[in-house]
Amino acid sequence: MIARASTLHLPTLRDAPADAEAVSHKLLVRAGYIRQVSAGLWSFTPLGWRVHRKVENVIREELDAIGAQEWFAPVLTPLELWEATGRAGIPEIFHTQDRAGRPFVLPMTHEETFTFHARELQSYRQLPQSWYHFQTKDRDEPRPRGGLIRVREFIMKDSYSFDRDEDGLEKSFRAHEAAYHRIFKRCGIAYHAVQAESGMMGGSESVDYLAPSGSGENTLVTCPTGDFAADLEVARAVPRPATFPDAIDAPQLVETPNVTTCEDLAGFLGIDVAATSKALPMTLPDGTVVLALVRGDDRLEEAKLAAALQGESRPSTEDEIRAAFGAEPGSLGPVGFAGPILADEALRDGQFVAGANTTGWHLTGVEQGRDFQATFADIRVPKDGDTCINCGGPLTFDTAIEIGHIFKLGTRYSVPLDALFLDEDGQQKPLVMGSYGIGPGRVMAAAVEQMNDDNGIVWPRALAPYDVHVLALPGAEELALEAATVLSDAGYDVLLDDREKRPGEKFADADLIGLPVRITVGKKTLEDGNVDVRDRATGAESRVAIAALPGAVKG
RNA sequence: CGGGACGUAGCUCAGCCUGGUUAGAGUGCCUGCUUUGGGAGCAGGAAGCCGCGAGUUCGAAUCUCGCCGUCCCGACCA
């Protein structure tokens, strides 16, 4: 087909909006792919919607190839389904009601709805099933940002698998994993599949798909040798070794007036900050105060802490600290503390400086096992200078966009929603489920983040809204149409720039919009019948006869 | 929700501190002429609830208060 730029709504801008920060945000707006309606609410222009649909179709083809079946389920969902699974109270959920006052949610995912439908699966003979749909998701995000990177309403492809047991789930999970690999590969996106937190989804295993980019919400931790990749929140790493002072037989009290940070403490004592410890009292829901202990140069990773404590906790209040330690906040430490202590692995070996539970005093030479008892877990945030747990190589940290996430849900939803089937042994059992999401909008954003230059977007062929951009320069309109027609007849989607614009403006817009191939038909063409074929990514240019275009354009 | 910034033409911004004719520029848009292989030139033109509401004042884009909106950092987060 041929789309004429003269009639297409193609609102390119010379300047990026002032409030845009992320490259993908700036370029998608400037090139006319998206427009903002309100915070976190974006419309896709005709051009942008074509890209979105390209992503959708790649996903659709790969999911269909693993036997998944496409549905379409409503956004509006009766609240009672969400009450049944206990997710109605999640703060991100939009709530609404009908005229009779019946409550509904605008859900952020469709586990409840699809599990509801899965109640119709009654026999193991009907299993396994993998169902998916593309549907609008709403999330009352506290802070939307970065154009398409974090929004309040978006289309997600979400799949749900239903199996009779864990083995079946494993197969369904791996099938999706393989499909996801093919999907992102086809979209031309660099990504890492990493172990991740299951978060509010529940379930046992999850794999996060992170696309490294200049902007994003996640931090991807990788080892250059390729033997390690993880989301910062769950990444394990080896901190640099601490340099300890000479060991002593028992902790020694030292006065440390006006010392508040570990850096100050290390400076005051003239020791390595990594030889100090940091005490962070946390309160559990039942009121218990747990002392979280990390090395002086480390930060506490709350996601890891939650995993170690098997539940959420919060920083203790000053009153709770006084009650638990009999001391003021500021010089807390593990020695003499009667409650549970959870220490980071980095504190296992060595003698550290710790708070003395007396304001203005610290203890040197504090050794776990001898001076206090603790349980150990990895609860620190990895940081620059850490090394790989597998090969010891230096780790690198990159911001990344989460473009997909797959979960083993188990029976988290099938039990509360009574999605049961009759197994071969005559027993009624809950369906064993998985769920699998991809945000096509985020795939678009990630592609732009990864593929652009100073002049604009450089779309991979699979995602470009059209295959070829034919520029009709003044006087060559007829020939340009001929070139476009030859390509269209050969099966290419062509954007024909037949606007009454100066050449420079057409070139600039073509670079900005970023179609993979640009064909210029102009004065030179009138002379010898050849057109210029230019590769957007490499800038390589060649002169080609119009009749030979289909071959020359082939990727 | 905490911290910070911003709201003036489609877009990018000036004007505000120190209140005062009819609110400006660039770009984009419209008309005409000239031009046409990397955002050309000339001439003419349309385009603004100066975020909203109160207040101060003879007089408010400008000062004060409140609200709303948007962005950034953090918290939060499939």
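Quick note on labels: first sequence line is chain A, next is B, and so on, each numbered from 1.
Judged as a side chain to side chain contact (heavy atoms under 4.5 Å, CB included), and not counting sequence neighbours, the contacts of A:Ala5 are A:Leu495, A:Asp497, A:Asp498, A:Arg499. Partners of A:Thr399 according to the side chain to side chain contact (heavy atoms under 4.5 Å, CB included) rule, which considers only residues two or more places apart in sequence or in another chain, do not exist here. With sequence neighbours excluded, the residues that form a ring-ring contact (aromatic ring centres under 6.0 Å, His included) with A:Phe184 are A:Tyr180, A:Tyr191, A:Tyr209. By the side chain to side chain contact (heavy atoms under 4.5 Å, CB included) test, A:Ala537 pairs with A:Val458, A:Asp535, sequence neighbours left out. In terms of the ring-ring contact (aromatic ring centres under 6.0 Å, His included) criterion, residue partners of A:His52 (sequence neighbours excluded) are, by chain and number, A:Phe44, A:Trp49. Residues satisfying the side chain to side chain contact (heavy atoms under 4.5 Å, CB included) test with A:Val415, not counting sequence neighbours, are A:Thr411, A:Pro430. By the ring-ring contact (aromatic ring centres under 6.0 Å, His included) test, A:His469 pairs with no residue at all, sequence neighbours left out.
With a cut-off of 3.5 Å on both pairing distances, the Watson-Crick or G-U wobble partner of B:C65 is B:G53. Partner assigned to B:C17 is none, using Watson-Crick or G-U wobble distances below 3.5 angstrom.
A heavy atom lying under 4.0 Å from RNA chain B marks the following residues of residues 11-19 of chain A, by number: A:Arg14, A:Asp15, A:Ala16, A:Pro17, A:Ala18, A:Asp19. Near RNA chain B, meaning a heavy atom under 4.0 Å from it, residues 175-187 of chain A has no residue at all.
Along RNA chain B, the nucleotide closest to A:Lys506 and the one closest to A:Ile438 are compared, and the more 5′ of them pairs with A:Lys506.
Under 4.0 angstrom from either OP1 or OP2 of B:A78 there lies no side-chain N or O belonging to A:Ser435. In terms of phosphate contacts, A:Arg145 brings a side-chain nitrogen or oxygen within less than 4.0 Å of OP1 or OP2 of B:C73.
Evaluation of the salt bridge (Lys or Arg N to Asp or Glu O under 4.0 Å) test over residues 289-299 of chain A, restricted to residues two or more places apart or in two chains, returns A:Arg295-A:Asp297, A:Asp297-A:Lys383, A:Asp298-A:Arg380, A:Asp298-A:Lys383. Sorted by first and then second residue, the side-chain hydrogen bond (donor to acceptor under 3.5 Å, both in side chains) pairs with a member in residues 7-23 of chain A read A:Thr12-A:Asp509; sequence neighbours excluded.
A:His25 and A:Trp42 have perpendicular rings, their planes meeting at more than 60° on a 0 to 90° scale where under 30° would count as parallel.
Across B:G38, B:C71, B:G39, the shortest atom-to-atom separation from the side chain of A:Ala39 is found for B:C71.
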Query raised in the report: How does each nucleotide of nucleotides 32-37 of chain B score, in 5' to 3' order, for protein heavy atoms under 4.0 Å: base (B), sugar-phosphate only (S), or none (-)?
Result: ---BBB

